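As a basis for the values below, the full set of heavy atoms in this structure was taken, side chains included, without hydrogen atoms, waters or symmetry mates. If you're wondering where the values come from, they're calculated on a predicted model, not measured in any experiment. Proteins come first, then strands; the chains are lettered A, B, ... in the order of their sequence lines, and each starts at number 1.
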Protein chains: 2
Amino acid sequence: MATGRTHRPATRSRGIPEATVARLPLYLRALTALSERSVPTVSSEELAAAAGVNSAKLRKDFSYLGSYGTRGVGYDVEYLVYQISRELGLTQDWPVVIVGIGNLGAALANYGGFASRGFRVAALIDADPSMAGKPVAGIPVQHTDELEEIIRENGVSIGVIATPAGAAQQVCDRLVAAGVSSILNFAPTVLSVPEGVDVRKVDLSIELQILAFHEQRKAGEEAAGEGADTTPPAAPPAAAVRRRAGGGTEQGPDGDVPAVMPA
Amino acid sequence: MATGRTHRPATRSRGIPEATVARLPLYLRALTALSERSVPTVSSEELAAAAGVNSAKLRKDFSYLGSYGTRGVGYDVEYLVYQISRELGLTQDWPVVIVGIGNLGAALANYGGFASRGFRVAALIDADPSMAGKPVAGIPVQHTDELEEIIRENGVSIGVIATPAGAAQQVCDRLVAAGVSSILNFAPTVLSVPEGVDVRKVDLSIELQILAFHEQRKAGEEAAGEGADTTPPAAPPAAAVRRRAGGGTEQGPDGDVPAVMPA
DNA sequence: TGTTGTGAATTCCTTCACAGCC
DNA sequence: GGCTGTGAAGGAATTCACAACA
């Protein structure tokens with residue numbers, strides 16, 4: 001789900017499995033909600049329900065962090081919040097820059113959940129000179145020319161790319177050259193990065209396509225149901241079939257380069 | 001990565017592993033790019049590189065779809081595009097509704113990649129009456145009151161939730177009741193849905209937290225390096241530690257309910 | 001008694017390596 | 001000779017089920 005090119009073999013970072021790391025934020029959210037309601041302790045069963053996983057998985061996940069629970073009782077909410085936060089590195093301040101302040105970039109800049117978890121938007125950067133100086137979410141947009149300076153001055157190590165696909169690799173290269181070593185990519189491209197740089201990708205159209213797959217399957221089951229297999233009716237040997245959407249935008253079959261959005 | 005509550009045991013839908021389904025859109029994108037450059041055939045090695053995976057994995061993935069390649073030659077680009085599109089259900093038209101037209105909802109509505117893959121934005125829905133009628137991305141926003149009618153009239157089966165966290169479950173319930181059976185959730189909540197409904201989640205703050213984890217680990221390795229283990233310095237038994245961000249928005253430790261954004 | 005923590009079993013995914021075919 | 005398709009091996013993630021223990 002992450003790592004652009006660098007075929008890092010899904011390292012078990014510091015002994016904690018990737019799959020577990022990916023769930024820690026979920027637990028953390030559920031725990032913080034409990035904390036706000038001043039719930040002192042929680043069982044694996046309850047917490048698992050709140051996080052939407054099963055309790056055995058949750059207990060195993062926590063076992064990688066240490067033995068933070070009490071048998072017969074459960075987990076101390078505040079303590080766990082602290083431990084998970086520390087494990088995730090959220091007890092420190094992470095300045096991030098957002099590059100590409102279109103619709104999506106603006107949405108990200110306005111997102112409150114950032115600051116509430118140790119992430120601080122250090123700068124907004126856009127290539128459009130007419131954007132420069134315009135405040136978005138209270139932060140003035142700066143021009144791409146200043147990218148390197150901004151990164152270095154703020155000690156930024158995490159960058160968010162919300163540019164069109166065409167610009168993403170170039171922006172990525174500049175970020176990395178300037179010292180960024182973790183990138184969250186919203187552009188619909190596979191980014192190439194040197195060893196040691198982490199890339200995670202958020203790709204809207206991929207999520208929709210996966211949903212469509214399951215949706216189609218459901219529809220098929222309903223219809224068929226009876227005998228034989230579901231093998232599709234062997235298709236035209238070499239005929240490309242394009243979409244046949246109804247209305248809506250168009251801007252090239254797939255090269256995308258959307259006005260502003262994720263894939 | 002999907003399914004809110006419904007603990008569906010990661011079914012291998014129609015024999016194709018979930019992990020493979022999740023990669024098909026990646027291949028499709030790479031293939032479409034090749035198609036545009038009029039490249040007639042491609043080897044597993046080349047295509048894998050373009051999609052950012054390794055070639056053995058790609059070949060195995062394709063083997064679940066059928067034998068669409070030619071030994072000694074490679075894959076016919078157009079043909080594969082068609083086969084994958086069909087497998088994903090993209091050869092048909094999928095009307096979707098977007099609920100919650102804040103910054104993010106607007107970004108989604110403007111996203112071109114939608115239409116280019118069989119997804120058609122059938123309607124934009126928001127709870128704010130003052131939004132009603134206002135066009136976003138050329139589509140007039142409609143009020144939540146009309147949700148059920150819109151779903152039914154357009155035969156919508158895929159819904160996108162881009163509301164604040166507090167409204168998400170309620171919106172979800174209404175969508176499901178009206179007939180939607182696949183949901184893409186951008187709100188930072190675990191959604192409960194009945195059996196048979198698919199939920200996928202896109203959660204920005206989770207992605208950032210995962211990056212922070214790895215970033216922290218990198219920093220730690222640099223520093224340490226030498227002897228002993230990396231076990232952290234046992235922490236204060238029951239003291240919650242809050243962020244210490246610098247500037248930035250605030251709106252409650254975690255309950256989130258952001259102005260408009262994903263988690 | 002009630003709940004954690006964890007070995008063992010299971011299932012799922014990835015990678016290897018090579019036979020089969022063009 | 002080159003490249004696909006796939007059994008088989010290896011590894012990772014999940015789940016089971018129960019001993020340990022407050």
Side-chain angles (χ1 to χ4, degrees), chain A residues 1-3 7-24 26-27 31 39-77 79-80 83 210 237-238, chain B residues 1-3 6-24 26-27 31 39-77 79-80 83-84 210 237-238:
Chain A
M1 185 195 279
T3 53
H7 289 313
R8 184 167 44 77
T11 66
R12 291 243 317 229
S13 333
R14 157 69 187 310
I16 302 180
E18 265 305 306
T20 295
V21 172
R23 280 187 296 266
L24 292 181
L26 278 178
Y27 302 143
L31 283 165
V39 176
T41 61
V42 67
S43 71
S44 63
E45 201 68 53
E46 295 165 324
L47 184 54
V53 304
N54 84 33
S55 64
K57 197 188 286 187
L58 177 143
R59 286 201 302 280
K60 176 129 292 200
D61 282 344
F62 285 178
S63 79
Y64 293 116
L65 309 184
S67 288
Y68 295 149
T70 308
R71 291 166 204 247
V73 178
Y75 300 92
D76 180 285
V77 171
Y79 185 48
L80 247 196
Q83 289 299 345
I210 295 170
Chain B
M1 187 194 280
T3 52
T6 323
H7 290 313
R8 184 170 44 79
T11 66
R12 291 242 318 228
S13 336
R14 156 71 187 311
I16 302 180
E18 265 305 306
T20 295
V21 172
R23 280 187 297 266
L24 292 181
L26 278 177
Y27 302 144
L31 283 165
V39 176
T41 62
V42 65
S43 71
S44 64
E45 201 66 55
E46 295 165 323
L47 184 55
V53 304
N54 84 34
S55 65
K57 197 188 288 186
L58 176 142
R59 286 201 303 278
K60 175 129 292 200
D61 283 342
F62 285 177
S63 79
Y64 292 115
L65 309 185
S67 289
Y68 295 150
T70 308
R71 292 166 203 245
V73 178
Y75 300 92
D76 181 286
V77 171
Y79 185 47
L80 247 197
Q83 289 299 344
I84 295 178
I210 296 170

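- Nearest to the side-chain atoms of B:Pro17 among the listed nucleotides C:dC13, C:dG5, C:dC22 stands C:dC13.
- Using a 4.0 Å heavy-atom criterion, one finds that A:Tyr75 contacts the sugar-phosphate atoms exclusively.
- One interatomic measurement links the two molecules: CD1 of B:Ile16 to P of C:dT14, which rounds to 14 Å at whole-angstrom precision.
- For the pair A:Arg71 CZ and D:dC21 C1', the computed distance is 5 Å after rounding to whole Å.
- Aromatic ring centres of B:Phe62 and B:Tyr68 lie farther apart than the 6.0 Å criterion allows.
- Between the C1' atom of C:dT6 and the CG atom of A:Asp61 lies a distance of 13 Å, rounded to the nearest Å.
- Side-chain contact between A:Leu65 and A:Ile16: present, with at least one pair of heavy atoms (C-beta onward) separated by less than 4.5 Å.
- With C:dG5, D:dG5, C:dT14 as the candidates, the nucleotide lying closest to the side chain of B:Lys57 is C:dT14.
- Side-chain atoms of B:Ser44 lie closest to D:dT4 of the nucleotides C:dC13, C:dT3, D:dT4.
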How far apart are the C-alpha atoms of A:Leu80 and A:Leu47, what are their side-chain angles, what is the distance that settles it, and do they pass the side-chain contact (heavy atoms from CB on, under 4.5 Å) test?
CA-CA 11 Å; A:Leu80 247 196; A:Leu47 184 54; 4.3 Å; yes

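- Atom CD of B:Gln83 is separated from atom CG of B:Leu31 by 11.5 Å, given to the nearest 0.5 angstrom.
- Residues A:Tyr75 and A:Arg59 are in side-chain contact: their nearest non-hydrogen atoms beyond the backbone lie under 4.5 Å apart.
- In this structure, the CD atom of B:Glu45 is 14 Å from the P atom of D:dG5, given to the nearest Å.
- The nucleotide whose nearest atom lies closest to any side-chain atom of A:Ser43 is, among D:dT14, C:dT3, C:dT15, C:dT3.
- Among the nucleotides C:dC22, C:dA8, D:dA19, the one closest to the side chain of A:Lys60 is C:dA8.
- Between the CD atom of B:Glu18 and the P atom of C:dT11 there is a distance of 18 Å, given to the nearest Å.
- Distance OH (A:Tyr64) to P (C:dG7): 10 Å, rounded to an integer number of Å.
- For the pair A:Arg59 CZ and D:dA19 P, the interatomic distance rounds to 15 Å; values are reported in whole Å.
- Phosphate contact (OP1/OP2 of C:dT15, side-chain N/O of B:Asn54, threshold under 4.0 Å): present.
- For the pair A:Phe62 CZ and D:dT15 P, the computed distance is 16 Å after rounding to whole Å.
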